[in-house]
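Below is one structure, written out as structure tokens; the observations come after it.
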Amino acid sequence: MASTCRICVLVIATAFWLGLSAFLPLVSFLKRSPLIKESGGKCISSACGIIHDITSPFRLANDPNQSNCTNWNYNVSCHNNLTVLEVHSGNYSVQAINYDNFTIRVVDPGIRNNDFSSIPRYSLSIYNLTSHNDLRLASSTTPITSFKCAKAVNSSVMRTYNYVKQGNITASDMEDGCRIEWTTLMSNSFLYEKDGNFSYHDIHSALGYGFELYFGLRRPSYTEHWHWGKSFLELLAIFQVYNFLLKLSEFLQMSLV
């Protein structure tokens, strides 16, 4: 009987130690999990010009407060008090960042408000953004193309006409003597209230408003990937210990019968 009790005490002590060994990695997992972060580990928000909240997944370049940030996907810069985002080798001025619907609104720097002779500095189409670092066209963004056509008024005089087309342009839209001047993107939400009757003033105002792009969520850092991998192994070990304790409990019950 005494020998049996000593065996029981040894088994219980072993089970307690195994349970404690399983609990400690679980605590370690919860502390390091990227889903449970201390406020001290968050990046400090930056500002530039009219953009007062530059934070993940964006990082302001050359800002010492964000030099150690790892949870970012996109670099923005601050030039002449303007927040600038590079899109397809062009530097576009950031007008707004909406972290609720994951959109960023940018405008071509060649467009100047109230200067209707200003035109886009960069050529940009929907095909340029198919795989641009997770930046995707927002549903409100549409292409717009300007082209000129030379037509004969009489046998000796040619006159040039300027046209602007919203939406995709095809070869059938181009007549003989026409050439594309520029193509870019704009937000058609700016023109919804116009009922389809757009003047050049409306088009230019829409270009000055800019266009929206969807941005992806931040990517986990290398450290977080490592933590997840190690935490998975720890959880696997916990389940193995749990199964062992279940079998040990069944064995003790059978031994006491």
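These values consider heavy atoms only, across backbone and side chains, with no hydrogens, waters or symmetry-generated copies. For reference, positions follow the sequence shown, starting with 1.
- Considering every non-hydrogen atom in both Leu82 and Ser93, the closest pair reads CD1-OG, 4.3 Å.
- From Ile169, atom CD1 reaches atom OG of Ser125 across 12.0 Å, with rounding to the nearest 0.5 Å.
- For the residue pair Ser199 and Asp202, a side-chain donor N or O sits within less than 3.5 Å of a side-chain acceptor on the partner.
- Contacts classified as salt bridge (charged side-chain N to carboxylate O under 4.0 Å, His left out) and involving residues 101-113 (residues at least two apart or in different chains) are given here: Arg112-Asp115.
- Across every non-hydrogen atom of Thr184 and Pro120, the tightest pair is CG2-CG, 3.8 Å.
- Applying the side chain to side chain donor-acceptor pair (under 3.5 Å) test to His79 and every residue at least two apart in sequence or in another chain returns Ser77.
- The CZ atom of Phe215 lies 11.0 Å from the CZ atom of Arg136; values are rounded to the nearest 0.5 Å.
- Tyr99 pairs by the ring pair (Phe, Tyr, Trp, His ring centres under 6.0 Å) definition with nothing, not counting sequence neighbours.
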>> What verdict does the side-chain contact (heavy atoms from CB on, under 4.5 Å) test give for Val94 and Phe58, after you've listed the backbone C-alpha separation in whole Å, the side-chain angles of each residue and the deciding distance to 0.1 Å?
In response: CA-CA 12 Å; Val94 178; Phe58 298 94; over 6 Å; no
> Where do Ile97 and Thr83 land on the side-chain contact (heavy atoms from CB on, under 4.5 Å) test, with the steps shown first?
Replying inline: CA-CA 11 Å; Ile97 302 176; Thr83 305; 5.7 Å; no
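- For CG of Asn162, the number of neighbouring non-hydrogen atoms (other residues, nucleotides, ligands) closer than 6.0 Å is greater than 12.
- A single hydrophobic cluster is not seen to contain both Met186 and Val107; linkage of ILVMFWY side chains at heavy-atom distances under 4.5 Å, directly or through other members, places them apart.
- Checked against the 6.0 Å centroid criterion, the rings of Tyr214 and Phe102 do not qualify as a close aromatic pair.
- In the hydrophobic cluster analysis, where Ile, Leu, Val, Met, Phe, Trp and Tyr join through side-chain heavy atoms closer than 4.5 angstrom, Ile104 is grouped apart from Val84.
- Qualifying side chain to side chain donor-acceptor pair (under 3.5 Å) partners for Arg121, counting only residues two or more places apart in sequence or in other chains: none.
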>> Set out, in order, the CA-CA distance, both residues' side-chain angles and the distance that settles side-chain contact (heavy atoms from CB on, under 4.5 Å) for Leu135 and Tyr74, then state yes or no.
In response: CA-CA 9 Å; Leu135 287 175; Tyr74 314 97; 3.9 Å; yes
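- Summarising the geometry of Glu86 relative to Asn91, their closest heavy-atom pair is CB-OD1, 3.9 Å, with the distance given to 0.1 Å.
- Side chains of Ser187 and Ser140 form a contact here, defined as non-hydrogen atoms less than 4.5 Å apart.
- With 3.5 Å as the limit, one finds no donor-acceptor pair spanning the side chains of Thr55 and Ser45.
- Counting only distance, with no hydrogens or angles, the side chain of Tyr200 and the backbone of Phe116 share a donor-acceptor pair below 3.5 Å.
- The 12-atom threshold is not exceeded at CG of Asn80, counting heavy atoms of other residues, nucleotides or ligands nearer than 6.0 Å.
- Evaluation of the disulfide bond (SG atoms under 2.5 Å apart) test over residues 77-109, restricted to residues two or more places apart or in two chains, returns Cys48-Cys78.
- Note on Val76: it clusters hydrophobically with Tyr122, by side-chain heavy-atom contacts below 4.5 Å among ILVMFWY residues.
- At least one side-chain heavy atom of Ser118 sits less than 4.5 Å from a side-chain heavy atom of His204.
- Leu185 CG to Ile126 CD1: the interatomic distance, rounded to the nearest 0.5 Å, is 8.0 Å.
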>> Evaluate Gln166 against Asn188 for side-chain contact (heavy atoms from CB on, under 4.5 Å), listing each step before the verdict.
In response: CA-CA 9 Å; Gln166 180 186 2; Asn188 55 23; 3.4 Å; yes
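- When each of Leu124, Leu137, Thr142 is checked for a side-chain contact (heavy atoms from CB on, under 4.5 Å) with Phe211, only Leu124 meets the rule.
- No side-chain donor-acceptor contact under 3.5 Å links Ser46 to the backbone of Ile54.
- For residues 164-184, there are no ring pair (Phe, Tyr, Trp, His ring centres under 6.0 Å) pairs, not counting sequence neighbours.
- Asn168 contributes atom CG, which lies 9.0 Å from atom OG1 of Thr183 (distance to the nearest 0.5 angstrom).
- By the 6.0 Å contact criterion, CG on Asn101 is enclosed, its count of non-hydrogen atoms from other residues, nucleotides or ligands being greater than 12.
- Remark: Asn62 CG to Asn75 CG distance equals 8.5 Å, nearest 0.5 Å.
- Taken to the nearest 0.5 Å, the CG atom of Leu85 stands 11.0 Å off from the CD1 atom of Ile51.
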